[in-house]
Asks: 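Following this message is one structure expressed as structure tokens.
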Amino acid sequence: MTGYMSEIRTRFAPSPTGNLHVGGAHTALFAWLFARHEGGKFILRIEDTDEVRSTEQSLAAIYDGLRWLEIDWDEGPDISGPFGPYVQSERLNIYAQYINQLIESGRAYRCFCTPEELEERREIMRARGIPPVYDRTCANLSEEQIELLLAEGKPYCVRFRMLETGTTVVNDLIRGDVSFDNSLLGDFVIRKTSGYPTYHMAVVVDDCLMKISHVIRAEEHLANTPSHVQLMDALGFERPKFAHLPLILGTDKTKLSKRHGAVNLMDYKEQGFLPEAMRNFLAIIGWSPGADEEILDHDQLIARFTLEGVSKSPGVFDLEKATWLNGEYLKRADAEKLTDTLLPLLQKEGLIEAHPSPERREWLVAVVDLMKERTRLLTDFVTWGRYYFTEDYPYDNEARKKWLSKEDTPERLDMLADRMKELETWDVEAIEAGIRGLAEELEIGAGKVIHPCRSAVTGQTIGPSLFHLLELLPRETVVARLRRAAELGRRGELAPV
RNA sequence: GGCCCCAUGGUCUAGUGGUUAGGACUCCGCUCUUUCAAGGCGGCGGCACGGGUUCGAUUCCCGUUGGGGCUACCA
């Protein structure tokens with residue numbers, strides 16, 4: 001057992017300003033996997049220091065997304081814990097205390113520059129090629145000057161006084177030592193004019209107060225880390241360990257964002273992804289177990305995950321591969337369980353009643369079992385499996401072209417309908433025997449009966465084993481469909497479109 | 001522009017101072033079957049470039065190039 005002080009604690013600290021982004025889910029997953037692998041704690045903390053953009057709705061969306069992926073947390077806004085509250089807007093007095101402490105010790109100072117002035121000066125610095133950091137205009141205001149400005153009621157923010165010389169070295173578990181030249185780092189704002197702390201202030205105070213042992217976050221924060229580290233040092237906090245994860249990129253290799261299509265994690269649920277597949281997929285972007293394996297379930301991911309396996313370079317979100325992986329999960333899925341997740345979708349499409357009877361459900365499980373071999377997304381069941389549920393299914397162009405519009409098809413379909421009617425029993429063996437028997441009598445290949453039949457009954461040229469598929473449909477339905485296609489064919493209504 | 005990070009096929013990646021550089025997705029063939037968007041088999045395709053170090057570099061160092069991130073009173 002490790003002692004309390006050396007307990008592994010990681011956190012995911014999203015800001016509730018939108019849905020749970022795929023990138024955020026990736027970060028959360030890695031931090032969670034690390035904690036779980038190490039037998040530590042995973043904390044959820046809400047960083048709502050952006051008073052303007054934070055919403056209650058986003059918070060709910062974050063919960064939904066994490067729960068969907070089965071990422072659970074040990075401490076958080078909804079379950080409390082020894083270091084709460086876990087919502088930053090409820091910790092304002094804590095930050096205020098540290099900010100005041102910093103002002104008193106001289107490591108922070110009031111800045112009366114207006115945003116407009118700052119912007120103007122930044123432009124000039126940029127134009128001259130000088131690092132556009134705060135020029136410290138207010139860094140050395142005298143007590144009198146400050147009193148005066150305060151008396152005037154001039155609005156101000158508070159800035160942290162960074163070290164002016166030397167280097168700040170960030171030891172990153174993934175990238176090694178990264179050094180930054182202090183002279184290039186500016187005094188950043190720790191308290192906004194509104195009185196709210198900035199992210200930089202809150203994140204430092206909370207990570208330290210909440211005893212986060214490993215700050216695992218996306219690489220976009222690496223450049224901010226020297227500032228955080230100096231703040232921690234000034235506050236007398238012990239530095240946590242850092243691990244900056246590679247970013248997820250879009251196919252154009254830039255940071256994944258809205259213009260790359262779906263970036264909201266839950267959009268993938270809508271698209272028909274299974275949470276375990278998405279979790280697996282996210283895990284293997286920027287991480288590898290080292291061996292030639294990539295299909296890993298919940299427990300395997302936890303067992304294999306290490307920071308050493310995390311790569312330094314960013315990875316592209318390849319929807320093609322995600323879809324393939326989802327298909328693998330579908331194949332391996334338990335038909336009963338899969339039926340449960342599919343039911344709402346089928347009901348939404350109006351393909352099945354709200355409360356199927358036990359028999360009906362049993363039938364559905366058989367359909368799902370037959371279909372899951374060749375599906376890649378949950379939505380495939382709806383688009384490719386329509387014919388199991390309704391007579392209102394389309395005849396696709398391949399089926400029309402190759403079989404349904406052929407001259408001898410109607411007659412064969414009618415003969416097959418007769419044959420099907422006469423079968424003693426309605427099961428796979430009888431159906432197969434009936435179909436093959438007809439082909440033999442007609443002295444044609446079995447395919448010449450099978451394909452038209454599939455085309456007529458499913459409207460498609462592809463699908464599961466025909467005999468098994470027919471067995472799952474009522475005999476009358478099959479006969480009716482054969483006759484209907486024969487009739488439509490004769491009337492020339494099944495020509496390719 | 002400045003600072004920081006990164007660099008193995010189109011994509012995700014394994015890997016080593018000496019390997020036929022391995023796997024997966026995609027793509028393309030072939031094959032099985034009643035079909036393929038299923039299965040099986042096979043194939044195309046890669047160490048960014050230039051210098052070093054070394055008997056030998058994909059691997060170590062430097063540079064270049066390329067890509068990305070940060071440069072907010074957003075997080």
Side-chain angles (χ1 to χ4, degrees), chain A residues 13-17 47-50 52-54 111 113-115 118-119 122 125-133 155-159 170 172 174-175 178-181 184-186 188-194 196-200 202-203 218-226 244 246-247 249 251-255 281 284-295 309 311-325 327 331 372-376 380 384 398-399 402 432 435-436 439 445-451 453-455 458 460-467:
Chain A
S15 56
T17 54
E47 308 217 322
D48 57 347
T49 53
D50 185 336
V52 186
R53 296 193 304 149
S54 296
C111 171
C113 299
T114 66
L118 291 170
E119 186 50 38
R122 246 198 306 272
M125 287 187 272
R126 248 192 271 268
R128 288 190 193 159
I130 308 168
V133 294
Y156 65 90
C157 66
V158 177
R159 287 179 186 273
V170 173
D172 187 274
I174 294 171
R175 286 150 221 287
V178 183
S179 19
F180 298 83
D181 187 338
L184 267 19
L185 269 19
F188 59 97
V189 175
I190 55 178
R191 184 170 71 197
K192 308 177 199 179
T193 302
S194 68
Y196 252 64
T198 58
Y199 155 74
H200 302 295
V203 77
E219 203 213 284
E220 52 190 325
H221 292 291
L222 182 56
N224 291 325
T225 308
H244 287 91
L247 258 23
L249 310 179
T251 42
D252 64 350
K253 305 268 200 160
T254 61
K255 191 167 108 180
F281 180 63
I284 59 173
I285 298 181
W287 172 77
S288 161
D292 285 336
E293 54 179 0
E294 46 187 359
I295 299 180
S311 67
K312 297 178 185 173
S313 42
V316 172
F317 187 89
D318 182 2
L319 189 60
E320 205 64 65
K321 183 152 183 176
T323 306
W324 163 79
L325 228 199
K331 268 176 216 158
K372 70 188 180 79
E373 258 344 279
R374 33 185 44 84
T375 48
R376 312 219 308 166
D380 290 341
W384 299 342
E398 275 296 295
K402 287 178 83 171
E432 176 159 10
I435 289 176
R436 291 196 189 280
K448 295 272 203 271
V449 178
I450 287 169
H451 299 311
C453 178
R454 177 192 294 282
S455 297
T458 73
Q460 299 166 10
T461 53
I462 56 163
S465 156
L466 180 67
F467 314 125

Asks: Please enumerate all residues that pass side-chain hydrogen bond (donor to acceptor under 3.5 Å, both in side chains) together with A:Lys402, with sequence neighbours excluded.
Replies: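 In terms of side-chain hydrogen bond (donor to acceptor under 3.5 Å, both in side chains), with neighbours along the sequence ignored, A:Lys402 is linked to no residue.
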Asks: Do nucleotides 61-67 of chain B as a string where each nucleotide becomes B, S or -: B if the base has a protein heavy atom under 4.0 Å, S if just the sugar-phosphate does, - if no protein is that close.
Replies: ------S
Asks: What residues, two or more places apart in sequence or in another chain, satisfy side-chain hydrogen bond (donor to acceptor under 3.5 Å, both in side chains) together with A:His221?
Replies: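 Expected list: A:Tyr199.
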Asks: Has the side chain of A:Thr193 got a donor or acceptor atom sitting under 3.5 Å from an opposite partner on the base of B:C73?
Replies: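 Answer is yes: a donor-acceptor pair is held.
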Asks: Just call it for A:Asp172: base, sugar-phosphate, or nothing, with non-hydrogen atoms closer than 4.0 Å on any strand.
Replies: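 Counting heavy atoms under 4.0 Å across all strands, no contact is made by A:Asp172.
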Asks: Could you let me know what B:U34 is paired to, Watson-Crick or G-U wobble, both distances under 3.5 Å, or none if it's on its own?
Replies: none
Asks: Does the structure show a Watson-Crick or G-U wobble partner for B:A24, both distances under 3.5 Å? Name it, or say none.
Replies: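 Pairing partner: B:U11.
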Asks: Apply ring pair (Phe, Tyr, Trp, His ring centres under 6.0 Å) to A:Tyr156 and list each qualifying residue two or more places apart in sequence or on a separate chain.
Replies: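 Ring pair (Phe, Tyr, Trp, His ring centres under 6.0 Å) list for A:Tyr156, sorted by chain: A:Phe112.
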Asks: Of the nucleotides B:C73, B:U8, B:C74, which has the atom closest to the A:Ser313 side chain?
Replies: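 Of the options given, the side chain of A:Ser313 lies nearest B:U8.
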Asks: Let's see if you can work this out: which of B:C36, B:U8, B:U71 has an atom nearest to the side-chain heavy atoms of A:Ile462?
Replies: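 Minimum distance to the A:Ile462 side chain belongs to B:C36.
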Asks: Could you list the residues that satisfy side-chain hydrogen bond (donor to acceptor under 3.5 Å, both in side chains) with A:Glu373, not counting sequence neighbours?
Replies: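 Per chain and number, A:Glu373 pairs via side-chain hydrogen bond (donor to acceptor under 3.5 Å, both in side chains) with no residue.
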Asks: Under the 3.5 Å rule, do the base of B:U35 and the side chain of A:Thr461 count as making a donor-acceptor pair?
Replies: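 Not at all, since no donor on one side and acceptor on the other fall under 3.5 Å apart.
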Asks: I'd like to check the salt bridge (Lys or Arg N to Asp or Glu O under 4.0 Å) partners of A:Lys192; sequence neighbours left out, ordered by chain and number.
Replies: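 Residues passing salt bridge (Lys or Arg N to Asp or Glu O under 4.0 Å) with A:Lys192: A:Glu51.
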Asks: Taking only residues two or more places apart in sequence, or in another chain, which ones meet A:Asp292 in a side-chain hydrogen bond (donor to acceptor under 3.5 Å, both in side chains)?
Replies: none
Asks: Pairs under 3.5 angstrom, nitrogen or oxygen only, protein versus nucleotides 22-26 of chain B, please.
Replies:
residue, atom, partner, partner atom, Å
B:G22, N2, A:Asp292, OD1, 3.3
B:G23, O4', A:Asp292, OD2, 3.3
B:A24, O4', A:Glu294, OE2, 2.9
B:A24, O2', A:Glu294, OE2, 2.4
B:A24, N3, A:Lys321, NZ, 3.0
B:U26, OP1, A:Arg376, NH1, 3.2

Asks: Under the salt bridge (Lys or Arg N to Asp or Glu O under 4.0 Å) test, which residues partner A:Arg122, sequence neighbours left out?
Replies: A:Glu119
